[in-house]
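Lettering of chains follows the sequences in order, A, B, ..., and the numbering in each one begins at 1.
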There are 2 protein chains.
Amino acid sequence: MTKAHKAAPREEIALRKHTVVRDEILISAARLFAERGYRAVTMDDIAATLQYTKSVIYYYFKNKNEILWQIYCRTFEKYSGDVEAIRDKNETPEITMSLMIRQHALNVMKNPEWAAIYNKEESELNPQQKQQLSRMKRNYDAVFESVFQRGVSDGVFRDIPPHVAVGASLGMCNWLHVWFNSKGSLTADEIADLFASMLWKGYKAENASS
Amino acid sequence: MTKAHKAAPREEIALRKHTVVRDEILISAARLFAERGYRAVTMDDIAATLQYTKSVIYYYFKNKNEILWQIYCRTFEKYSGDVEAIRDKNETPEITMSLMIRQHALNVMKNPEWAAIYNKEESELNPQQKQQLSRMKRNYDAVFESVFQRGVSDGVFRDIPPHVAVGASLGMCNWLHVWFNSKGSLTADEIADLFASMLWKGYKAENASS
DNA sequence: CCTACCGATCGGTAGG
DNA sequence: CCTACCGATCGGTAGG
């Protein structure tokens, strides 16, 4: 109703609506996929929860697979962007590692449904997508591993193979999608802090100063 | 060909064969479920890998769901039996907890496919099965939690809510089904030991003697 | 233990 | 001519 809105070109408004509807579909689909599993959800189910017809969904997404793949891509972009931002602050390995683990745990708890899909539905992707996902995962893990390796070199972390230390941490956090309860006695922040401190102790070298 | 075999009654032989074939089907089915996902595997697929026809599978199992449920039950029985045996040795909380985490990690690594199914396909169970599974999981977690709680009472573990401490440990171990590689540089035993020691440090109370 | 087939339901697409 | 959608139905495949 403001002039600014009136002035916006037709295409921009259309694009904005397109984005809004795509997001809406992704969120609804993710909820259903997390609850019933990807294969058990029909395009009609997705459409019905939004009171659309199936054809509307096909207007916004090429097919069912593209919906799933978008969930994977957006999840990866969020997680990856967050840990890279932390890495780029150039703090000590201990502080960087703590912040990254904290952030990963928070991301899982903030969106447990998307985390569940990310961890369960890999077999539904096509070969090219699987390959790309495994590259994405390798890159993500590498960010953690290089920080851990620096900590080992500095003598502040125990000399554990980095992929084992990182696999342990990410596993601990990823499992939160199963049991974290947003109405539980502890908040997401409190759990994230506990995890970071437990792992920090588990990583610490015997002779490192506390 | 020995007398002992000859002497076995017909029914016993039949029963033994029945058990062998059921096991064989479960193992094949589990491999396929883990690789492609339960819904993506057809009864024909399961039959084909064993060079049976689909009807043979239906002779040994009522339906596809019963195969999946058997995988759940057997997995639970193995895990549960192992940790209860450790609990019943009545060691200190620290030793008991270490042994239980070690055993859980080993069970995941010894059979990563069954662990993957156990953690991914819950949505394919029917309501009664889901309810029973959630009872089974609660019981399993309770064994760990009561040991942890004793450790807190004794002042050897930090005062963390037991379900958080246990969720962290089991998550760390369960995630092994994703990245553990039996041909990797570390053996399952070495990884299990590392996990137990990392968690033991993470649990330890500040003022506890080492 | 196999062949043949069912009831149903799926993802995806047609014309208007 | 393009966009956003609807009602109807396609070919193919699932468990049993």
Side-chain angles (χ1 to χ4, degrees), chain A residues 5 8-26 28-33 35-72 117 121 123-129, chain B residues 10 13-26 28-30 32-33 35-72 117 121 123-129:
Chain A
H5 278 95
R10 235 174 257 283
E11 309 113 42
E12 194 190 320
I13 296 175
L15 184 68
R16 199 143 49 200
K17 179 177 177 198
H18 200 83
T19 305
V20 169
V21 176
R22 269 178 75 94
D23 287 354
E24 175 187 52
I25 292 171
L26 282 176
S28 271
R31 179 157 301 137
L32 293 174
F33 291 165
E35 192 187 319
R36 308 181 201 164
Y38 174 76
R39 284 290 257 250
V41 174
T42 70
M43 293 297 267
D44 281 314
D45 290 334
I46 298 170
T49 58
L50 291 165
Q51 287 169 305
Y52 288 150
T53 60
K54 190 163 54 172
S55 307
V56 178
I57 311 296
Y58 277 102
Y59 177 75
Y60 288 98
F61 291 92
K62 198 171 109 269
N63 52 30
K64 201 183 173 191
N65 173 275
E66 199 204 326
I67 299 180
L68 182 61
W69 183 236
Q70 271 303 307
I71 294 173
Y72 270 89
I117 297 167
E121 305 290 2
S123 66
E124 301 295 342
L125 300 175
N126 67 40
Q128 295 95 314
Q129 291 167 338
Chain B
R10 235 174 260 282
I13 296 175
L15 183 69
R16 200 143 48 200
K17 179 179 177 196
H18 200 84
T19 306
V20 168
V21 176
R22 269 177 74 96
D23 287 354
E24 175 187 52
I25 292 171
L26 282 176
S28 272
L32 292 174
F33 291 166
E35 193 187 319
R36 308 182 202 164
Y38 174 76
R39 284 291 256 251
V41 174
T42 70
M43 293 297 264
D44 279 317
D45 290 335
I46 298 170
T49 58
L50 291 165
Q51 286 168 307
Y52 288 150
T53 61
K54 192 162 53 174
S55 310
V56 178
I57 311 296
Y58 277 101
Y59 176 75
Y60 288 97
F61 292 91
K62 198 169 109 271
N63 53 31
K64 201 183 173 191
N65 173 274
E66 199 204 326
I67 299 180
L68 182 61
W69 183 236
Q70 272 303 307
I71 294 174
Y72 270 89
I117 296 166
E121 304 290 2
S123 65
E124 300 295 341
L125 300 175
N126 67 41
Q128 295 95 315
Q129 291 167 339

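For D:dG16, its base sits under 3.5 Å from the side chain of B:Lys54 at one donor and acceptor pair at least.
Taking atom CD1 on B:Ile25 and atom P on C:dC1, their separation rounds to 10 Å, with Å as the unit. Spacing between atom CZ of A:Phe61 and atom P of C:dG12 amounts to 13 Å, rounded to whole angstrom units. Rounded to a whole Å, the NZ atom of A:Lys64 is 12 Å from the C1' atom of C:dT9. Rounded to an integer number of Å, the gap from CG of A:Asn63 to P of C:dC10 is 17 Å. Per the geometry, CG belonging to B:Leu50 stands 13 Å off P belonging to C:dC1, to the nearest Å. Atom-to-atom, CD1 of A:Ile67 to P of C:dC10 comes out at 15 Å; the value is rounded to the nearest Å. The distance between atom CD1 of A:Ile57 and atom C1' of D:dC6, rounded to the nearest whole Å, is 13 Å. Atom pair B:Met43:CE and D:dT13:P shows a separation of 19 Å (rounding to whole Å applied).
Considering A:Ile67, A:Val21, A:Asp23 as possible partners of A:Tyr60, the one that fulfils the side-chain contact (heavy atoms from CB on, under 4.5 Å) test is A:Val21.
When heavy atoms are screened at a 4.0 angstrom cut-off, A:Asp44 is found touching no nucleic acid atom at all. Across all strands, B:Thr42 comes closer than 4.0 Å only to sugar-phosphate atoms, never to a base (heavy-atom distances). Within 4.0 Å of A:Val41, counting heavy atoms only, lie sugar-phosphate atoms of the nucleic acid but no base atom. Using a 4.0 Å heavy-atom criterion, one finds that A:Tyr60 contacts the sugar-phosphate atoms exclusively.
Taking atom C1' in both C:dG12 and D:dA8, one finds a spacing of 13 Å when rounded to whole Å.
Between A:Tyr59 and the phosphate of D:dA4, there is a side-chain N or O to OP1/OP2 separation shorter than 4.0 Å. Distances shorter than 4.0 Å separate none of the side-chain N or O atoms of B:Ser55 from OP1 or OP2 on C:dC1.
In the set D:dC5, C:dT13, C:dT3, the nucleotide with an atom closest to the side chain of A:Val56 is D:dC5. The side chain of B:Tyr58 lies closest to D:dG16, out of C:dG11, D:dG16, D:dT3.
Ion pairing of A:Glu121 with B:Arg39 is absent here, as no side-chain N (NZ or NE/NH1/NH2) approaches a carboxylate O to less than 4.0 Å.
A donor-acceptor contact shorter than 3.5 Å links the side chain of A:Tyr72 to the backbone of A:Ile117.
Comparing B:Arg39 and A:Gln51 by the nucleotide of DNA chain D whose heavy atom lies nearest to each, the residue mapping closer to the 5' end is A:Gln51.
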* To do: For A:Glu24 and A:Tyr52, run side chain to side chain donor-acceptor pair (under 3.5 Å): C-alpha distance rounded to whole Å, both residues' side-chain angles, the deciding distance at 0.1 Å, then the answer.
  => CA-CA 12 Å; A:Glu24 175 187 52; A:Tyr52 288 150; 3.0 Å; yes
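Counting heavy atoms from C-beta on, the side chains of A:Asp45 and A:Arg36 come closer than 4.5 Å.
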